[in-house]
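Each chain gets a letter, A, B and so on, in the order the sequences are listed, and its residues count up from 1.
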Amino acid sequence: MSGSVIHWFRKGLRLHDNPALLKALALAEEKKHAFYAVFILDTWFVKQATVGVNRWRFLLDSLSDLDASLKNLGSRLYVLRDSPENVFNTIIKDWNVKALTFESDTEPYAKSRDETIRKLAKSHHVEVHEYCSHTLYNPNEIIQANNGATPMTYQKFESLVKKIGHPKSPLDSPISIPSNIHSIDGKKYLVPTLDDLEVDQTGLGPHLYRGGETEALKRLEMKLKRQEWICKFSKPQTSPNSLEPSTTVLSPYLKFGCISPRLFYHKLLSVISGKKHTEPPTSLVGQLLWREFFYTVGSVTPNFDQIQGNKICKQIPWSDDPELLEAWKLGKTGYPFIDAVMTQLRTEGWIHHLARHSVACFLTRGDLWQSWVAGVKVFDEYLLDADWSLNNANWMWLSASSFFYQFQRVYSPIVFGKKTDKNGDYIKKYLPKLKKFPSEYIYEPWKAPLNIQKAAGCIIGQDYPKPIVDHDVVRPRNLERMSLAYKGLPIENSAYSAAASKEDDINTKKRKVVSDSTKSKKQKIERKQKSVASFLKKK
DNA sequence: TCTGGCGTTGTTCCC
DNA sequence: GGGGAACAACGCCAG
């Protein structure tokens, strides 16, 4: 009886530019082995990781699409449900496996998982072939080009990839697949449904982004047609709160590998070459390089997803307040822009990069002073494109824990959104309770006189929450905390904390109703600032 | 070892 | 309303 070759899909849910898949097919052809495409619904992800229902759906979409594409070539996808170790222990014998191929992965869990499988394969004399195709470059190659050091700035990173040159060209999809010669029950190992997985479907939102390679390629082609838009693309100029996404929304497809970053990269090059165009870091190519940068740092930094033991992460003593975290998570902070963004995230699974900045800054150094690790977990649950390296890196960035250190630049939960959506149409879309508020008050509805609140059918504090913190109060407090934390001093030394406890000042009343009158609020802050100034003088 | 330049995406104020 | 400076001031990196 002849053996079989398995290509193990994990990320890289595509046929195009898939070197490990091509290797499996070549081996099967050469050795006259059967070929099996396998995906394992890893119980670790079901039990340990919190994956929201929208991303489950995206994954199942992607698997169905992959299955359909494989069927077009006379094969199919086998979806097995268990730990990879258990699965391979069983099928190596039952399916008489001689070779295994997969795409390499840089995340800690994947690394240890793959090490286990490598050992298992070796003990059964199964040859293993791994290829790097989830990123433009092999992260090790970049570290090597930097003499073994981790590049810590984008500029540095860019200089390294310039030295290396363009990434390899993408490979074509296979045009045929050797037929299976083993008989495996055709009804077994089908792509499951959400019901099969017993996923709680109460949070299932509108199906805006269908997963899979077919959709990814369609979306890419659609975006590539807009040549002028691509040439002029500059990330900071795109809007975080447009009613339709102002960027490509290819990130979920990149996360699952429904699309190859190398294909994306080279297609972009062919569009911009010979034309006037924007450059990294703000251009679209620049966006792919940011992804690459964070993948590189994430692949070699121990405890990248934690504060403790993470050498690149500033040790900032964040608070742990489950109520504040929950209010932020559920979009009940009382700041409409923040709440609208969090609502879009929770229901649709995608928000604009700058919207992520706003809410991440708000949760951490800007307003709520909660740990960025808590934010990572919420994004990891809700985002379709939740990607371990990128998620952790961006949260460190926004909390000014690493990469970015100009902590005095704080996003205003009121001002920032106004720049690109003066009328607050975005807020009205995601927070329909507020849709009758006049634009004048849409970013600060608590300031609207009661008669206007009544006319809008929404009383603040009753139908929509009052702000859980006063931005004008917590912002300067947090700035000082950041300054102390950067100096390695405890934040209890903060003049604000001391002055507050001494004079029972507003700092201690974070959940207290925010004053209706701007005037009195301003007076309050002035009083506070005076008391802090005199406190500092005494020191 | 020190120093000056600089950093994808802040806000406010002023012209 | 668009553009530029002030605000206050960090760490990384090249020289």
Strictly under 3.5 Å: I want the nitrogen or oxygen pairs between protein and nucleotides 9-11 of chain B, one per line.
residue : atom : partner : partner atom : Å
B:dT9   : OP1  : A:R409  : NH1          : 3.4
B:dT9   : O2   : A:P236  : N            : 3.2
B:dT9   : O4   : A:H353  : NE2          : 2.9
B:dT9   : O4   : A:H357  : NE2          : 3.4
B:dG10  : O3'  : A:V410  : O            : 3.3
B:dT11  : OP1  : A:S412  : N            : 2.6
B:dT11  : OP2  : A:K419  : NZ           : 3.4

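- There is no side-chain donor-acceptor pair under 3.5 Å between A:D339 and A:Y430.
- Ring centers of A:H277 and A:F233: at least 6.0 Å apart, outside the cut-off.
- Between A:Y154 and A:W397, a ring centre-to-centre spacing not shorter than 6.0 Å is recorded.
- Between the side chains of A:N241 and A:S239, at least one donor-acceptor pair of N or O atoms lies under 3.5 Å.
- Between chain A and DNA chain C, the heavy-atom contact criterion of under 4.0 Å yields a 5' to 3' nucleotide range of C:dA8 to C:dA14.
- Rounded to whole Å, the distance from NE2 on A:H352 to C1' on B:dT8 is 12 Å.
- Under 4.0 Å is where a charged nitrogen must lie from a carboxylate oxygen, and between A:K218 and A:E221 no such pair does.
- Across all their heavy atoms, A:S234 and A:T278 have their closest contact at CB-CG2, 4.4 Å.
- Residue-to-nucleotide proximity on DNA chain C shows that, of A:S159 and A:Y486, the 5′-proximal contact is made by A:Y486.
- Across B:dT11 and C:dG11, the matching C1' atoms stand 22 Å from one another, rounded to whole Å.
- With A:I259 as reference, A:H16 is the one residue of A:E213, A:R14, A:H16 to meet the side-chain contact (heavy atoms from CB on, under 4.5 Å) rule.
- A donor-acceptor contact under 3.5 angstrom links the side chains of A:T238 and A:H352, judged on distance only.
- Ion pair A:E444/A:K418 flagged as a salt bridge, since at least one NZ, NE, NH1 or NH2 atom sits closer than 4.0 Å to an Asp/Glu carboxylate oxygen.
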Could you pull out every donor-acceptor pair under 3.5 Å between side chains of residues 292-302 of chain A and any protein atom, sequence neighbours left out?
residue : atom : partner : partner atom : Å
A:E292  : OE1  : A:L136  : N            : 2.9
A:E292  : OE2  : A:L136  : N            : 3.0
A:E292  : OE2  : A:Y137  : N            : 2.7
A:Y295  : OH   : A:K11   : NZ           : 3.1
A:Y295  : OH   : A:H134  : NE2          : 2.9
A:Y295  : OH   : A:D387  : OD1          : 2.6
A:Y295  : OH   : A:D387  : OD2          : 3.2
A:T296  : OG1  : A:E292  : O            : 2.7
A:S299  : OG   : A:T296  : O            : 2.7
A:T301  : OG1  : A:V297  : O            : 2.7

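- At a threshold of 4.0 Å, the pair A:E440-A:K447 does not count as salt-bridged, since none of the basic side-chain nitrogens sits closer than that to a carboxylate oxygen.
- Across all strands shown, A:K314 has heavy atoms under 4.0 Å from sugar-phosphate atoms exclusively, and none from any base.
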In dot-bracket form, how is DNA chain B paired, counting a Watson-Crick or G-U wobble pair only if both its distances are under 3.5 Å and using | for bases paired to another strand?
-> .||||||..||||||
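- Look at the C1' atom in both B:dT1 and C:dC13: the space between them is 14 Å, to the nearest Å.
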N/O contacts under 3.5 Å, protein versus nucleotides 1-6 of chain B?
none

Exercise answer: donor-acceptor pairs, residues 143-150 of chain A side-chain atoms, under 3.5 Å, sequence neighbours excluded:
residue : atom : partner : partner atom : Å
A:N146  : ND2  : A:A149  : O            : 3.0

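- Comparing the same atom, C1', in C:dA5 and in C:dA9 gives a spacing of 16 Å after rounding to whole Å.
- Here, C:dA8 and B:dC6 have their C1' atoms 16 Å apart, quoted to the whole Å.
- Two rings, from A:F407 and A:Y486, have their centers less than 6.0 Å apart.
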